[in-house]
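Scroll down for the structure; my scribbles are underneath it.
In what follows, chains are A, B, ... by sequence order, proteins preceding strands, each numbered from 1. Because the structure is a prediction, the values reported are computed rather than measured.
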There are 2 protein chains.
Amino acid sequence: MQWYECLTKEQVEQVHETSLQILERIGVDFCYPPALEVLARGGAKVQGERVFFSRRLVEEQVKKAPGQFTLYARNPAKNVTIGGDAIAFIPGYGAPFVTDLDRGRREGTLQDYENFVKLTGASPYQDICSGMVIEPNDVPHQIRHGRILYALMRFSDKPFMGSAMGAQGARDSIRMASLAFGGEAELAEKPRMISILGSLTPLKYDERMLGAIMEYARAGQPQLISSLTVAGATGPATMAGTLALQNAEVLAGIVLSQLVREGAPVIFAGSSTSAEMRTGALSIGSPEMAMNTAATAQMARYYHLPSRGGGALSDAKAPDAQAAYESMMSLLMAQVSGIHFVLHSAGILESYSCMSYEKFVIDDEMCGMVKRIKRGYAISEETLGLDVIREAGPGGHFLDKDHTLAHFRSEFYQPVLANRRNFDGWRARGSPLIVEAANKKYKEILAGYEAPTLPADTDKALRRFIEKMN
Amino acid sequence: MQWYECLTKEQVEQVHETSLQILERIGVDFCYPPALEVLARGGAKVQGERVFFSRRLVEEQVKKAPGQFTLYARNPAKNVTIGGDAIAFIPGYGAPFVTDLDRGRREGTLQDYENFVKLTGASPYQDICSGMVIEPNDVPHQIRHGRILYALMRFSDKPFMGSAMGAQGARDSIRMASLAFGGEAELAEKPRMISILGSLTPLKYDERMLGAIMEYARAGQPQLISSLTVAGATGPATMAGTLALQNAEVLAGIVLSQLVREGAPVIFAGSSTSAEMRTGALSIGSPEMAMNTAATAQMARYYHLPSRGGGALSDAKAPDAQAAYESMMSLLMAQVSGIHFVLHSAGILESYSCMSYEKFVIDDEMCGMVKRIKRGYAISEETLGLDVIREAGPGGHFLDKDHTLAHFRSEFYQPVLANRRNFDGWRARGSPLIVEAANKKYKEILAGYEAPTLPADTDKALRRFIEKMN
């Protein structure tokens, strides 16, 4: 097995060197006094809010972060390895809008949120529940993360994501997880959740992100240290420059996390892409985004860290062919380049602004296909099949062979939505497009979903906690 | 740069060894006396129509085929390198049906054929005209290839594909190319066309294919030696066994080509996939197909030969999301695994049975994206952009920088069809799906297409030739 690599070793070094120069000479703004204090104490040069990092500080601290870790699920069969040879899919994150064929596009609600947790729980291919799979706009902002965390623990037994709403959101997330999983010491030993925090490109971290980064690091809860640089807008219009800038920002955040707690688990997270230059807006269905995913995987490997990149990313406004090819491009690129954590792996439309129910299940099918590709070839005397090839012989066939019956189920991916009938069979069934099959399918899943039992005392403790938040 | 590789070196050896055992012990049927004669003279063991190949014969002959060659275009700027670091896209091949949004699905005609040659000629991403981009069912079978070759040379100045209709089809193709490009000796030196020939899996070659393989090899015209093994139907239900069988068939064909003419240019061509087991039909949108593409690229590299695999392959019946994600999976996999010749790179629906006008231009967009990814990163002091990052500084922006203006056009792929507007902008324009944009686009291209001038004497000679075929 060999990952796809778009950069040579020398080019990886060049990107690394450029980002060290950015960190040493240009610096990064950290707009949060506790972070400045920790960084100064750790050996960074601090001038006002601007922080300069020496090569030595960066290289020493980044080395301390683990190359692999486990996220523990309420159901141990659903524990997730982050790093190594594993890939994890996590549905869309942060969309304010939701859409489906029946009701069209509208603001997301807590009901939609719960529905997407259930769709994630039911999927054999999604590994972790997204913390903000949709913005529940009917819940007041200050208590939103409590309602969300409750739904995550109530409707699924997979690992989940914590709040990114500053130090307070992180602390609440940590407390709620402690209520369910036995105290903060145990939580640090067996992390239950992972959160996404990131820079404000270019070269800035704000109070909200820094507060959460520090809380999660302190509690030993894994986090993505993420940069989303938009080439041509918030970063250079060269993908190389954007990669160097992304790299500098992620390294700076990781240094902070390690100074807060040595060995705090982090993911090297890059989701940079190019701008649509007529508007300056980001384009997430672009080939430049897929390139950045491959390059991010390589940079993370250089630092021996797990990586995040890719997803079912699209700028389309409906789950049409554009949505599908953009999404497959990003999902497959994540897999072939060795990305470990694929956020936004189902449902995203409109450059992150909207979650589609139909697209969620279509993307989930793609995730299943990509995981089949990832599983790859099993090579053995039995699978190489010399005997059955001899048995069939020139001009023969294999349909009725024992070897065929013994293997086809595990060898061939079984599609849930894709139509493989011939044209006449398809037309006889009303010429359905896949989006119609997806519309039926998501309703079927929601109607049949049985949430795993949450122990009554845990449920009570969590409810009491979120009621007090009001 | 490093290609994605799904097999270890040892696994590649195991596949190779298994296929050598197939060739040595099980044998391959060659149903064409002239081929049996050449093979026997070359050292193969021939019993009736069954041919057994020793390890030495295979390894010695396969070594003789070139690792790279050039296809010469009427317009030298459109010459195409096959092998090395190059990738070539060639539209769909062999579909009897054609479809578009306006007229629906119907049998293909010569008019459709010419239209697809024009769409290929106009595309900046398709490199070679497909020889059978659609079956022109309104032209009698015995003169079809003449009409096709004339259309290829009349409406495009790109390299093209020859007829696969046996020795006679190959001879006519070679003669027509000679009329246009100056005789058979010159043609052998500067090949103008490439043809696809292949086995009848399992382990059989028929007269039609063998006649053409021998004619093209003799004339020094490049060809794909192809195997399409359907795992579970015409091959083992294990993808490893199917790969070994494909490998044996392709090697057997290549040995014949080299015995006919040492150094005859060939492409190691694998398009094997899995069966839909309920019907036994092949499924070309399956993840197993993408796996086989990656493995084929590796096997071809092992033999130092150019490879063929992938394409915009789909089992969908309409250019919907299924068609798009299946197609992107296969196209991107071809690129990241280092495939050189991507047949079926635009238009295919219904597991090769139908060409869609709309899908052709949508797939062409995907080909553009994949070629952008292939171009990859340009890494230099200028592109790493330390100066412009300093100029913008923490919290700054890049939209108005000279560096941005100097680079964004060459760095960012400009989509032709993809919609990157925001939701309101999209809705204000009538909420168009990409298939509607594609419908307008293909008509626009056809309406504006100006065929490159074909010299009058060549045109006359070609017309005279095909008139005599009647």
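- Annotation: salt bridge (charged side-chain N to carboxylate O under 4.0 Å, His left out) contacts involving residues 10-31 of chain A, sequence neighbours excluded, comprise A:Glu17-A:Arg55, A:Asp29-A:Arg50.
- Contact annotation for B:Gln322: both backbone and side-chain heavy atoms come within less than 4.5 Å of a heavy atom of chain A.
- Counting heavy atoms from C-beta outward, A:Met239 and B:Arg372 have side chains that approach closer than 4.5 Å.
- In A:Asp402, the CG atom is not crowded: 12 or fewer heavy atoms of neighbouring residues, nucleotides or ligands sit closer than 6.0 Å.
- Contact of B:Glu365 with chain A is made through the side chain alone, with heavy-atom distances under 4.5 Å.
- Here the side chains of B:Phe398 and A:Thr201 are not in contact, with every heavy-atom distance at 4.5 Å or above.
- Proximity to chain A (any heavy atom under 4.5 Å) is restricted, for B:Arg105, to the side chain, taken from C-beta onward.
- For a residue to count as touching a neighbouring chain, one of its non-hydrogen atoms must lie under 4.5 Å from one of that chain's; by this rule B:Leu243 touches chain A with the side chain only.
- Note on B:Lys204, B:His397, B:Glu350, B:Glu382: by heavy-atom pairs under 4.5 Å with chain A, the leading option is B:Glu350.
- A 4.5 Å side-chain heavy-atom check between A:His407 and B:Pro236 finds every atom pair outside the cut-off.
- The closest side-chain heavy-atom distance from B:Thr18 to A:Glu381 is not below 4.5 Å.
- Side chains of B:Glu276 and A:Arg421 form no contact here, defined as non-hydrogen atoms less than 4.5 Å apart.
- With a threshold of 4.5 angstrom between heavy atoms, A:Ser327 does not approach chain B through any atom at all.
- Interface remark: B:Val388 contributes side-chain atoms only to the contact with chain A (heavy atom separation under 4.5 Å).
- Heavy atoms of A:Met369 lying under 4.5 Å from chain B belong to its backbone as well as its side chain.
- Inter-residue side-chain proximity for A:Ile389 and B:Leu203 is flagged as met; some heavy-atom pair is nearer than 4.5 Å.
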